[in-house]
Amino acid sequence: MSTSTPAPAIPGTALRGGAFRALAHRNFALFFWGQFISIVGTWSQMLAVSWLIWRMTGSALWLGIANFALHVPCIFLGLPAGHIADRHDRLRLLTFMQALCMLQAILLAWLTLTGAVKLWQVIGLGFFLGSVYAFEMPIRQAFVMDLVGKRDLLGAISLVAAMFHFTRMLGPTVAGAIVAWKGEGVCFAFNAVTFLALIAALMLVRRGQMHSPARTTEPMLRSIKEGLREAKRITDAIPSLALVALLAGIGMQFTTLLPMFADRVLHGGAVELGWLMGASGAGSLAGALWLARRKSSEGLFPLTARMAILFSATLILLGLISSFIAALPAIFMMGLTLTIAFSCVGTLLQNEAGDHMRGRMMSLYTVTFMGFFPFGSLAAGILARSYGSQATISGAGIICLIASAAIWGKARRRTIA
């Protein structure tokens, strides 16, 4: 691997160790703040899309279909995306992906603001965005290592997670108010504008200060097989990915049903939906900041398993709640535990993978997460239409609790043996 000169500290900073040491890398600081602005817009659009579909159809099934369309491309494109991330220039690829995301937001805003929007257009544009995400996510996750190196990787990942989930708290809360005031189209237009900040940040990155790994030269199929073998080699990678699949495919479906839950159970509207999504984001922020305080990457899988079990128990509780005030702390705890679990798995894979394998490891993580989510969304929509959102949410929690305990127990027995 050819390594460039380490990035110098930002002049005048007083960052000392821990997570915030990553911000001393100029390139990472640019990337961090560009993402901050962009992801506020992304979360705003996600709420607006969910509420638009619910307002147009009043159907939990269509919410599930929309989530299926957004996430299903990753099943087919995720592993090839990892090969591309390890073979080609990540900086150029990432910049191009942001431009495509901005184009999608512009089209969605134009259709909505002109009153021409149709359900099939919303779902079709969601499928297009999901196809872009299938490539963008592993590239972006592997790109963090290029900016900070292995020494500051855990801190950088934790900071990105904290930022991501702070915007997850901020964006939907603001978007709920905007939708109630001016409608969904304004949120889509706002999202389109915010992509300019990240594109500008990427254009200011200095290549000479990047930690550039060697690129794979293998054919795609051989490259993908090598990535799968690498995952088998890494201790606890398989049970960790199994927990990701469980939480994404079953546990996280409460997010698909939140518009229905806010409307029919809590008797609220877009503002209340924004507060619920904001509570999840606040919990995620708290979890990311807690994880950022860890000084070691040891024990990541046991921590992932404990968080999965705690999340599952809280999910069961959420399905029994019919009060808006009581729902907020439950969703806060769910955001906290999910963030810790997913961040631990991402860090485990990046820390243990070879430098030339990092993109493929992140693509495997992305496929596991996004590949199971769409089928869970369809199932959640169908079940909620027949049994209601509360029964569906609690049922998902029971399944997750049993399966999480089983995965953890099996992994512990294997380790002892």
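Everything numeric in this text was worked out from a predicted model, so none of it was measured.
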Do any side-chain atoms of residues 368-378 form donor-acceptor pairs under 3.5 angstrom with protein atoms, and if so which ones, sequence neighbours left out?
unit_1	atom_1	unit_2	atom_2	d
Thr368	OG1	Leu364	O	2.7
Ser377	OG	Gln253	OE1	2.9
Ser377	OG	Thr256	OG1	3.4
Ser377	OG	Phe373	O	3.1

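Here the CG atom belonging to Leu202 is positioned 13.0 Å from the CZ atom belonging to Arg92, to the nearest 0.5 angstrom. Taking SG of Cys101 as the reference point, atom CG of Leu198 lies at 9.5 Å (rounded to 0.5 Å). A distance of 8.5 Å separates CD1 in Ile37 from OG1 in Thr194, rounded to the nearest 0.5 Å. In this structure, Thr304 OG1 and Trp408 CH2 are separated by 10.5 Å, a value rounded to the nearest 0.5 Å. Taking CG from Leu328 and CE from Met333, the interatomic distance works out to 13.5 Å, rounded to the nearest 0.5 Å. A distance of 8.0 Å separates CE in Met163 from CZ in Phe36, rounded to the nearest 0.5 Å.
Checking Gln98 against Gln35 by side-chain atom types alone, no donor-acceptor pair falls below 3.5 Å.
More than 12 heavy atoms of other residues, nucleotides or ligands shown are found within 6.0 angstrom of CZ on Phe324. Shown here is Met56, whose CE atom has more than 12 heavy atoms of other residues, nucleotides or ligands within 6.0 Å.
Shown here for Ala308 and Ser404, the closest heavy-atom pair between the two residues is CB-OG, 3.6 Å. The shortest non-hydrogen separation linking Phe311 to Met252 is CZ-N, 4.4 Å. The two residues Met260 and Ala60 make their nearest non-hydrogen contact at SD-CB, 3.5 Å.
For the pair Asp236 (side chain) and Phe301 (backbone), a donor-acceptor distance under 3.5 Å is absent. Panel note: side chain Thr112, backbone Ala109; no donor-acceptor pair is recorded below 3.5 Å. Listed for the Ser284 side chain is a donor-acceptor partner under 3.5 Å among the backbone atoms of Gly335. Distance alone, capped at 3.5 Å, is enough to place a donor-acceptor pair between the Thr114 side chain and the Leu111 backbone. The backbone N or O of Phe342 sits less than 3.5 Å from a side-chain atom of Tyr365, completing a donor-acceptor pair. At least one donor-acceptor pair under 3.5 Å links the side chain of Gln390 to the backbone N or O of Ile321.
Using a 4.5 Å heavy-atom threshold, the side chains of Leu338 and Met307 count as separate.
Between Arg207 and Asp89, at least one side-chain N (NZ, or NE/NH1/NH2) sits under 4.0 Å from a carboxylate O, which counts as a salt bridge.
Sequence neighbours left out, not one pair with a member in residues 251-279 passes ring pair (Phe, Tyr, Trp, His ring centres under 6.0 Å).
For Arg306, the salt bridge (Lys or Arg N to Asp or Glu O under 4.0 Å) test picks out no residue, with sequence neighbours left out.
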